[in-house]
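Please read all numbers here as calculations on a predicted model, not as lab measurements. Order of the sequence lines fixes the chain letters, A, B, ..., with proteins taken first and strands second; residue numbering starts at 1 for each chain.
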Amino acid sequence: MSSSPRFRFAPSPTGFFHVGGARTALYNWALAKRLGGTFVLRIEDTDEARNQPEWTQGIIDALSWIGIRQDDPTFEGPYFQSEYAQAHIDAANRLFEQGQAYYCDLTGEQVQERAKINGKQGYDGYSRDRGLEAAPGRVLRFRVPEGQTVVNDLVRGRVEFANEVIEDFVLLRGNGSPMFLLANVVDDITMRISHVVRAEEHLPNTPKQQMIWDALGQQSPVWAHVPVLVNEQRKKLSKRRDKVALEQFRDEGFLSEAMINYLMTLGWAPAGDVEIVPWSTVERDFRLEDVNHSPAFFDLKKLASFNGEYIRAMSVNEFIQASQPFLTGDNVPWTPAQFDEEKFRAMAPLAQTRLVVMSELPELVDFLFLDEPIIDEQSWSKTFSSADAVEMLNDAIAAFDTGLTWDHDSLKLCVEVAGLARGLKLGKAQAPIRVAITGRTIGPPLFEALELMGHDQVMRRLRAAVERLAGA
RNA sequence: GCCCCCAUCGUCUAGUGGCCUAGGACACCACCCUUUCAAGGUGGCGGCACGGGUUCGAAUCCCGUUGGGGGUGCCA
């Protein structure tokens, strides 16, 4: 009886992995790990019209990205709901034979009409005692008993539902296929699930499912309904309006550790005053009893902040490693031949503190690899609107060509002196050089970049800028 | 409409009757540092929805109000 707990995550494959689903999965995973239990993945693929086989791989990949790995002994599955259809139907037949379910030949429209006449919402139990047998077009409905159903929920406590407000819900469709409510319970029984941890939107389903567990002679599992994630309008996160695809966050350069950590702090907080904590802490301390009861806003800004923290927390080598996927491909303005690994490694620590997401990396370092910098017109016109700025370029060309030691300190001193001669502080004096070299007003530290690029390339760019100015 | 859930700074939260003059984080603002931008440092802004109880004492317990959310399918 007191065997190890079995949790489950039961997504339906609908195209991409929702961040809300990710959090639910993480909650289940943390618990399964800490309690020495099992995390069962069940793909609820019964809505055939909407399902695609490749989505399943997407779910497995997404789970793996957030640390829920198939090769971990805690992981079990995936199971496919569609393969258990017979068990669902057997269970339905059993309920029918036990008198706990009955067939009804009313169409959806007819049900609505009757509801209108009755002045009451929902199905009115019309066929309860008509003794109908199974036939095409007839749905099987659960016979909701009198009384009340009490759901004991680990996060919400005791929740009571009066059975009279629960209609005799459908178990089997007119075509004989099982509905979610039934299939879900039967699978949980089959897979010996002991803990159902899912989003709050399922709470109203729970009394119905608990009645099915009871009717099937099973002891219902431990329920836990965690609050939903909402957008700034405080509505449930929706695929249509909101950015919710885990894959998209991954591709934009959010670190999985940051995402995992952030997701865990939505509705729960680690002990003490720090919220950036390693997974080991989460696994050790996470408890459903401590989960908040209110919906949580999925705040992109805070996620970004977590991501920045995680990026900066990496060693330089780890950062270089993590950079690799963002240094090649279509999103990068340079060709593979132009890329210079050595220069990148030298620039990496300077780039590291300047990133919120990894995908911002190319624009920070592209000038190092391209023949010509990508000129941002606004930066250019703003910077070179003053005569001083133009002259600074000539000053720099002259000064850099005097055979000075080509390191960042000397270069800095050199520009400082030239600026002083024009009454410009270093901040002002370096601006035109920066734009001429990098094409932008903002970027990594300039003199370090100049040192890296070397005398010849720097001179070329400065002269090109002067020419461009003359032409304009 | 009906059912259910919820209610601490703008946001995420700590807080389980006295430690609360309510703590932290994000965001925002100011200052410092500074080679632009970041990062970092220091400081600031800002909250217990409201009304009744219970209690010597309430953010914490009870009731109501208001406000949010979820559900109400032959979707999952």
Looking at every strand, decide which applies to [X] at a 4.0 Å heavy-atom threshold: base, sugar-phosphate, or nothing.
| X | value |
| --- | --- |
| A:P11 | nothing |
| A:T438 | nothing |
| A:L106 | base |
| A:E448 | base |
| A:K301 | sugar-phosphate |
| A:A431 | nothing |
| A:F297 | sugar-phosphate |
| A:T441 | base |

Rounded [atom1] spacing from [N] to [M] in Å:
| N | M | atom1 | value |
| --- | --- | --- | --- |
| B:A27 | B:G47 | C1' | 15 Å |
| B:A38 | B:C32 | C1' | 16 Å |
| B:G1 | B:U65 | P | 14 Å |
| B:U60 | B:U55 | C1' | 13 Å |
| B:C9 | B:G24 | P | 16 Å |
| B:C61 | B:G18 | P | 12 Å |
| B:G57 | B:C19 | P | 15 Å |
| B:A58 | B:C20 | C1' | 11 Å |

Calculate, to the nearest 0.5 Å, the distance between atoms CZ and CE belonging to A:R141 and A:M179 respectively.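 Here the interatomic distance stands at 9.0 Å.
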
Which comes earlier along RNA chain B counting from the 5' end, the contact point of A:F306 or that of A:P270, where each point is its nearest nucleotide?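 The answer here is A:P270.
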
Position toward the 5' end of RNA chain B (nearest nucleotide), A:V165 or A:F298: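 By nearest-heavy-atom nucleotide position, the 5'-most residue is A:V165.
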
For [N], does either OP1 or OP2 sit under 4.0 Å from a side-chain N or O belonging to [X]?
| X | N | answer |
| --- | --- | --- |
| A:R138 | B:C74 | no |
| A:R312 | B:G40 | yes |
| A:N292 | B:A14 | yes |

Answer yes when [X] and [Y] have at least one side-chain N-carboxylate O distance shorter than 4.0 Å, and no when they do not.
| X | Y | answer |
| --- | --- | --- |
| A:D105 | A:R130 | yes |
| A:R143 | A:D168 | no |
| A:E377 | A:R468 | yes |
| A:R42 | A:E44 | yes |
| A:D376 | A:R440 | no |

For A:L95, does its backbone N or O pair with a side-chain atom of A:Q100 as donor and acceptor, under 3.5 Å?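 No: the side chain of A:Q100 does not pair with the backbone of A:L95.
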
What residues, two or more places apart in sequence or in another chain, satisfy side chain to side chain donor-acceptor pair (under 3.5 Å) together with [X]?
| X | result |
| --- | --- |
| A:Y79 | A:E76 |
| A:E201 | A:K236 |
| A:H225 | A:D153, A:R198, A:T206 |

In this structure, how many angstroms lie between the [atom2] atom of [N] and the [atom1] atom of [X], rounded?
| X | N | atom1 | atom2 | answer |
| --- | --- | --- | --- | --- |
| A:F161 | B:C2 | CZ | P | 17 Å |
| A:E309 | B:A38 | CD | C1' | 13 Å |
| A:I437 | B:U35 | CD1 | C1' | 14 Å |
| A:Y310 | B:A39 | OH | P | 18 Å |
| A:W268 | B:A25 | CH2 | P | 18 Å |
| A:F319 | B:A38 | CZ | C1' | 12 Å |
| A:Q112 | B:G1 | CD | C1' | 14 Å |

Base-pairing mate for B:C74 - Watson-Crick or G-U, with both contacts under 3.5 Å: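 Partner of B:C74: none found under 3.5 Å.
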
What does B:A7 pair with, Watson-Crick or G-U, if both distances are under 3.5 Å?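 Partner of B:A7: B:U66.
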
Strictly under 3.5 Å: I want the nitrogen or oxygen pairs between protein and nucleotides 45-48 of chain B, one per line.
none

Identify, with sequence neighbours excluded, every residue that meets ring-ring contact (aromatic ring centres under 6.0 Å, His included) alongside [X].
| X | result |
| --- | --- |
| A:F286 | A:Y27, A:W268 |
| A:F7 | A:H195 |
| A:H455 | A:W406 |
| A:F326 | none |

Candidate nucleotides [options], ranked by approach to the side chain of [X] - the nearest:
| X | options | answer |
| --- | --- | --- |
| A:V159 | B:C5, B:U13, B:U35 | B:C5 |
| A:I442 | B:U11, B:U35, B:C37 | B:C37 |
| A:T265 | B:U35, B:C12, B:A27 | B:C12 |

Contact letters for nucleotides 59-73 of chain B, in which S counts primed atoms plus P, OP1 and OP2 and B counts the base, heavy atoms under 4.0 Å: ----------SBS--

Could you tell me whether A:K243 sits above the aromatic face of A:F249, with NZ or CZ closer than 6.0 angstrom to the six-membered ring centre and within 45 degrees of the axis?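 Yes, A:K243 sits over the ring of A:F249.
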
Mark yes or no for a side-chain to base donor-acceptor pair under 3.5 Å between A:K302 and B:C12, with no hydrogen or angle criteria applied.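 Indeed, a donor on one side and an acceptor on the other fall under 3.5 Å apart.
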
With hydrogens left out and only the distance checked, is there a donor-acceptor pair under 3.5 Å joining A:R354's side chain and the base of B:C37?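 For A:R354, whose side chain was compared with the base of B:C37, there is a donor-acceptor pair (under 3.5 Å).
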
Consider only side-chain N and O atoms of A:W223 and A:Q209, and report whether a donor and an acceptor are under 3.5 Å apart.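 The answer is no; no qualifying pair exists.
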
Please list each protein N or O that sits under 3.5 Å from an N or O in nucleotides 19-23 of chain B, with the distance.
unit_1: B:G23; atom_1: O2'; unit_2: A:D273; atom_2: OD2; d: 3.4

Sorted by number, the residues of residues 414-428 of chain A with heavy-atom contact under 4.0 Å to RNA chain B: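 Residues of residues 414-428 of chain A under 4.0 Å from RNA chain B: A:L426.
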
Below 3.5 Å, can you tabulate the donor-acceptor pairs from side chains in residues 415-422 of chain A to any protein atom, sequence neighbours excluded?
unit_1: A:R422; atom_1: NE; unit_2: A:D395; atom_2: OD2; d: 2.5
unit_1: A:R422; atom_1: NH2; unit_2: A:D395; atom_2: OD1; d: 3.2
unit_1: A:R422; atom_1: NH2; unit_2: A:D395; atom_2: OD2; d: 3.2

